[in-house]
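Heads up, the thing below is written out as structure tokens.
Side chains included, hydrogens not; waters and symmetry mates left out as well; all remaining heavy atoms used. The chains referred to below are lettered A, B, ... by the order of the sequence lines, with proteins before strands, and numbering in each begins at 1.
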Number of protein chains: 2
Amino acid sequence: MHSFENTIQKLRSEGFKLTPQRLAVIKYMIGNKSHPSALAIHKELKRRYPTLSFSTVYNTLNMLQKIDEIRSIHVFDDHLNYDPNTEPHIHFLCSKCDMVHDIFLEQAEGIQVYAGEIDGHLVDSYELFFKGTCKDCR
Amino acid sequence: MHSFENTIQKLRSEGFKLTPQRLAVIKYMIGNKSHPSALAIHKELKRRYPTLSFSTVYNTLNMLQKIDEIRSIHVFDDHLNYDPNTEPHIHFLCSKCDMVHDIFLEQAEGIQVYAGEIDGHLVDSYELFFKGTCKDCR
DNA sequence: GAGTTATTAATAATAATTATTGACTTATAA
DNA sequence: TTATAAGTCAATAATTATTATTAATAACTC
């Protein structure tokens, strides 16, 4: 999800209709660094759209995943979280504050992931996930 | 879960009772490379223990996680899988055959994960997960 | 072996996500 | 415009993985 216009464009070209609900989810997600759950998204948007249903949130999220504008990540065991940044990057979960921090390869000294072939297997994508105590909580 | 005796010892010292159900789950998990789900474990063990309940499988798995004899991994969106290898290693999911392959750092050329500190955050553990086409399916 | 207590199986409960459906919009064409 | 067709919405029900409850049972201690 690189920009609002970009995403709108993509939706149009894929034949999706631009409804207020969808635009609200898109606007909420663009540039969002909090890796929200469907619950959090629904909770927040319900303020502006009191009739907004969970199904619509999920439908929109699944639609955005299909056109590669967001991705889902497994942070906790019982629900999914969503990230508008679909570029390869690393997630760090702080076990103190439960925040998920993004880490980009440039900032990741000591980390190297060659994602072509590994032990004979052909790699399409990877996910690197850290757990620990974040810099704010240390 | 390094060995049967080892695990038994650990259970005893933690005050857990050694029931046939628990021993069955432990035996099933030791050295198991298939990363089974609770469903798969239950299905398999039900043959020998027809009254075995799902709760018991989950209880045992959670207990084994608590004493660090197994770990849970997020392979798919809708359920957890379990791995008796608690040493740091990498998982590779083949999108063709759905098998999860273990990869150890020695075999992982081009992969380097320094797990001490990253971007100011203190690292406790990490998980590296690949998706692609495995060597058998290529 | 008897007593204590954790554990079991069965069942119900919880909670995230998905499916269904009928009313309602929107986009396009007449 | 207005009609029409298609897609989308909210509400609701359904599904499914996992956890909680509970009375009966089995494992450990003495």
Side-chain angles (χ1 to χ4, degrees), chain A residues 7-26 28 35-67 70-83 98, chain B residues 7-28 35-67 69-83 98:
Chain A
T7 303
I8 298 303
Q9 192 61 35
K10 217 170 187 177
L11 281 185
R12 265 196 227 283
S13 74
E14 301 268 350
F16 291 109
K17 289 188 177 167
L18 299 176
T19 66
Q21 294 89 342
R22 284 174 179 177
L23 293 172
V25 173
I26 293 166
Y28 181 75
H35 311 85
S37 63
L39 179 74
I41 296 167
H42 182 253
K43 198 174 188 178
E44 177 62 27
L45 296 181
K46 215 170 166 42
R47 290 172 29 196
R48 270 188 186 282
Y49 301 87
T51 65
L52 181 69
S53 76
F54 255 111
S55 305
T56 300
V57 172
Y58 277 109
N59 280 336
T60 306
L61 290 171
N62 288 336
M63 179 196 72
L64 290 172
Q65 271 188 284
K66 262 183 212 133
I67 63 171
I70 65 172
R71 60 190 277 207
S72 63
I73 58 176
H74 286 117
V75 179
F76 303 102
D77 282 353
D78 59 347
H79 65 273
L80 288 169
N81 293 74
Y82 295 87
D83 188 344
D98 270 0
Chain B
T7 304
I8 299 302
Q9 191 61 36
K10 217 169 187 177
L11 281 186
R12 265 196 227 283
S13 73
E14 301 265 352
F16 291 108
K17 289 183 177 169
L18 299 177
T19 66
Q21 294 88 342
R22 281 174 179 173
L23 294 173
V25 173
I26 292 166
K27 274 185 188 153
Y28 182 74
H35 311 85
S37 63
L39 178 73
I41 296 166
H42 181 253
K43 199 174 188 177
E44 177 62 26
L45 297 182
K46 216 172 164 41
R47 290 172 28 196
R48 269 189 186 281
Y49 301 88
T51 65
L52 181 71
S53 75
F54 255 112
S55 304
T56 300
V57 172
Y58 276 111
N59 280 337
T60 305
L61 291 171
N62 288 336
M63 180 200 71
L64 291 172
Q65 272 189 284
K66 261 183 211 131
I67 64 172
E69 291 292 299
I70 64 170
R71 61 190 278 208
S72 64
I73 57 175
H74 286 116
V75 180
F76 302 102
D77 282 353
D78 58 349
H79 66 272
L80 288 169
N81 294 74
Y82 295 88
D83 189 343
D98 270 1

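Taking atom CG of residue A/Leu80 and atom C1' of nucleotide C/dT18, one finds them 13 Å apart after rounding to whole Å. For the pair A/Leu52 CG and D/dA10 P, the computed distance is 5 Å after rounding to whole Å. Here the P atom of nucleotide C/dT8 and the CE atom of B/Met63 are 8 Å apart, to the nearest Å. Atom-to-atom, CG of B/Asp78 to P of C/dT18 comes out at 9 Å; the value is rounded to the nearest Å. Atom pair B/His42:NE2 and D/dT18:C1' shows a separation of 13 Å (rounding to whole Å applied). In this structure, the CG atom of B/Leu61 is 11 Å from the C1' atom of D/dT18, given to the nearest Å. Atom-to-atom, NZ of A/Lys66 to P of D/dG7 comes out at 14 Å; the value is rounded to the nearest Å. Protein atom CD of A/Glu14 is 14 Å distant from nucleotide atom P of D/dG7, rounded to whole Å.
The closest side-chain heavy-atom distance from B/Ile73 to B/Leu80 is not below 4.5 Å.
Atom NZ of B/Lys17 and atom CZ of B/Arg12 lie 13.0 Å apart (nearest 0.5 Å). Remark: A/Lys10 NZ to A/Ile67 CD1 distance equals 6.0 Å, nearest 0.5 Å. With rounding to the nearest 0.5 angstrom, the CG atom of B/Leu18 is 6.0 Å from the CG atom of B/Leu11. In this structure, A/Gln21 CD and A/Tyr49 OH are separated by 7.0 Å, a value rounded to the nearest 0.5 Å.
Proximity of A/Tyr58 to the phosphate of C/dT18: no side-chain N or O atom is located under 4.0 Å from OP1 or OP2. Residue B/Arg22 has a polar side-chain atom (N or O) positioned under 4.0 Å from OP1 or OP2 of C/dT8.
Across all strands, A/Asp77 comes closer than 4.0 Å to no nucleic acid atom at all (heavy-atom distances). Residue-level contact check: B/Leu39 touches neither bases nor backbone, having no heavy atom under 4.0 Å from any strand. Residue-level contact check: A/Asn59 touches neither bases nor backbone, having no heavy atom under 4.0 Å from any strand.
Comparing C/dT18, D/dA10, D/dT19 by their nearest atom to the side chain of A/Thr56 picks out D/dA10.
The shortest heavy-atom contact between B/Leu52 and B/His42 is O-NE2, 2.9 Å.
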N/O-N/O pairs, protein side and nucleotides 11-14 of chain C side, under 3.5 Å:
{"residue": "C/dT11", "atom": "O4", "partner": "B/Ser55", "partner atom": "OG", "Å": "3.2"}

Check nucleotides 23-30 of chain D for protein N or O atoms closer than 3.5 Å to its own N or O atoms and list the pairs.
{"residue": "D/dA27", "atom": "N3", "partner": "B/Lys17", "partner atom": "NZ", "Å": "3.4"}
{"residue": "D/dC28", "atom": "OP1", "partner": "B/Leu18", "partner atom": "N", "Å": "3.0"}

> Does the side-chain contact (heavy atoms from CB on, under 4.5 Å) test come out yes or no for A/Phe16 and A/Arg22, once each step is laid out?
Replying inline: CA-CA 10 Å; A/Phe16 291 109; A/Arg22 284 174 179 177; 3.9 Å; yes
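Of the N and O atoms on the side chains of A/His74 and A/Asn81, not one donor lies less than 3.5 Å from an acceptor on the other residue.
Both B/Thr51 and A/Asn62 sit near DNA chain C, but only B/Thr51 has its closest nucleotide nearer the 5' end.
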Atom pairs and distances, side-chain donor-acceptor, residues 53-65 of chain A, under 3.5 Å, sequence neighbours left out:
{"residue": "A/Ser53", "atom": "OG", "partner": "A/Thr56", "partner atom": "N", "Å": "3.3"}
{"residue": "A/Ser53", "atom": "OG", "partner": "A/Thr56", "partner atom": "OG1", "Å": "3.2"}
{"residue": "A/Asn59", "atom": "ND2", "partner": "A/Ser55", "partner atom": "O", "Å": "3.3"}
{"residue": "A/Thr60", "atom": "OG1", "partner": "A/Thr56", "partner atom": "O", "Å": "2.7"}
{"residue": "A/Asn62", "atom": "ND2", "partner": "A/Tyr58", "partner atom": "O", "Å": "3.3"}
{"residue": "A/Gln65", "atom": "NE2", "partner": "A/Ser72", "partner atom": "OG", "Å": "3.1"}

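Heavy atoms of other residues, nucleotides or ligands lying less than 6.0 angstrom from NZ of B/Lys46 number more than 12.
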